2 protein chains.
Amino acid sequence: MATQTIIAQEGTFLSEGHTDVPAPLQVPDHGACTAVNDVLARVGDKWTIRVIMALGTGPLRFNALKREIDAISQRMLTRTLRVLERDGLVRRLVEPSVPPRVEYSLTPLGRSLQEPVTVIGQWAMDKRGEVARARADYDARDEG
Amino acid sequence: MATQTIIAQEGTFLSEGHTDVPAPLQVPDHGACTAVNDVLARVGDKWTIRVIMALGTGPLRFNALKREIDAISQRMLTRTLRVLERDGLVRRLVEPSVPPRVEYSLTPLGRSLQEPVTVIGQWAMDKRGEVARARADYDARDEG
DNA sequence: CAGTATCCAGCAGGATACTG
DNA sequence: CAGTATCCTGCTGGATACTG
């Protein structure tokens, strides 16, 4: 029963949830291919990698993380962290003090993602030039 | 000068281009990190992987590809292919006949991407259960 | 067959203001 | 400090109709 499936009837808004985290809407599950693309989509969004990279060197508190990444909005940092936490990639540790201290760190699962990501990262770096040239060629061709 | 930078002044729409391909809008280039996230974003979009997978077994014509992937709209297949072609990952071969035959295939560069992608794919498959459990836990916790 | 053109809904993500 | 709440824009992607 993992990952509850929430079926929205038309007109339903599901805004009961206490906050802004994107709804865990999910189609019945088409198996492997869906799982793979899920990960790619998550990792391909605007901030996930930056956050994982930043936490790669060690735990960080919310604002430290925000300064590290810089240019990320408070809202997106919170959302990204919540999703990562939900998926078990990031651990959130609250020290109940005033003012509060919240420390984020990678879980073992989160750390295990670093390597696969690095592999594509390497590809991206290696092939940068080739892609750039291909684009230049393509753009030159149709703009003539 | 690779990858022309198009600066849009406010009010500019750049709809000169002959078709629907998303504009090659680009910030000055923040180096490595941008390149990596570029690739992740592309690969993380809804159809890119499916297309690359489908072409992995050999060249395919437009409608064959469409049938193979199924559920993809004509518009998105065209767009995805154009982007992939522009980046030099896919080759487009037109046989000027009536009706036209257009064959798509992976370039060597495109094939070189299959491996890195497979690595994350493997991770996704391996960790599926763990992620699902983490989500179930998280969802159970806050819905109490 | 292999596209283009158009329209439109929904979500990602930014800006800003407020709070325990 | 570490968030929430609200509002708003623009892009992604689907549906549909038309064409060389």
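Values below: all heavy atoms of this structure, side chains included; hydrogens, waters and symmetry mates excluded. We name chains A, B, ... by the order of the sequence lines, and we start the count at 1 in each one. Quick caveat, the model's predicted, so the values are computed rather than measured.
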Side-chain N or O of A:Y104 less than 4.0 angstrom from OP1 or OP2 on D:dG3? yes
Most 5' of B:P99 and A:Q74 on DNA chain C, judged by nearest nucleotide: B:P99
What closest approach, in Å, do A:W123 and B:P116 show between heavy atoms, and which atom pair accounts for it? CD1-CG, 3.7 Å
Measure the spacing between CD1 of B:I120 and CG of A:L113 and express it to the nearest 0.5 Å. 7.0 Å
For A:G56, is there any backbone N or O sitting under 3.5 Å from a side-chain donor or acceptor partner on A:R111? no
Quick one: A:L60 CG to D:dA2 C1', roughly how many Å, whole number? 14 Å
Within this structure, what is the CD-OG1 distance for the pair A:E85 and A:T78, rounded to the nearest 0.5 Å? 11.5 Å
Expressed as a whole number of angstroms, how long is the span from B:L81:CG to C:dT4:P? 11 Å
Is any side-chain nitrogen or oxygen of A:R61 closer than 4.0 Å to OP1 or OP2 of D:dA2? yes
Carboxylate-amine/guanidinium proximity below 4.0 Å for A:R86 and B:D139: yes
Rounded to whole angstrom units, what separation is found between the CD atom of B:E85 and the C1' atom of C:dA2? 13 Å
Starting from B:V119, can I reach A:V43 by hopping between I/L/V/M/F/W/Y residues whose side chains sit under 4.5 Å apart? no
Under 4.0 Å from OP1 or OP2 of D:dT4: is there any side-chain N or O of A:R82 that close? yes
Taken to the nearest whole Å, CG/B:L77 to C1'/D:dG13 is 13 Å
Do you know the tightest heavy-atom contact between B:N37 and A:K46? ND2-O, 3.6 Å
Check whether any side-chain heavy atom of B:E103 sits under 4.5 Å from a side-chain heavy atom of B:F62, and report yes or no. no
Which whole-number value in Å describes the distance from B:M76 CE to C:dC7 P? 19 Å
Return the value, rounded to whole Å, for the distance between atom CZ of B:R75 and atom P of D:dG13. 9 Å
Is a side-chain N or O of A:T107 found less than 3.5 angstrom from the main chain of A:G88, in a donor-acceptor match? yes
Would you indicate, yes or no, if D:dG14 has its OP1 or OP2 atom less than 4.0 angstrom from a side-chain nitrogen or oxygen of B:R79? no
Mind calculating the distance between CG (A:D45) and P (D:dG13) to the nearest angstrom? 13 Å
Among residues 62-72 of chain B, which contact DNA chain C at a heavy-atom distance under 4.0 Å? B:F62, B:N63
Using whole Å, what does the distance between atom P of nucleotide C:dA12 and atom NZ of B:K46 come to? 12 Å
For DNA chain C, the dot-bracket pattern of Watson-Crick and G-U pairs whose distances stay under 3.5 Å, | for other-strand partners: ||||||||||||||||||||
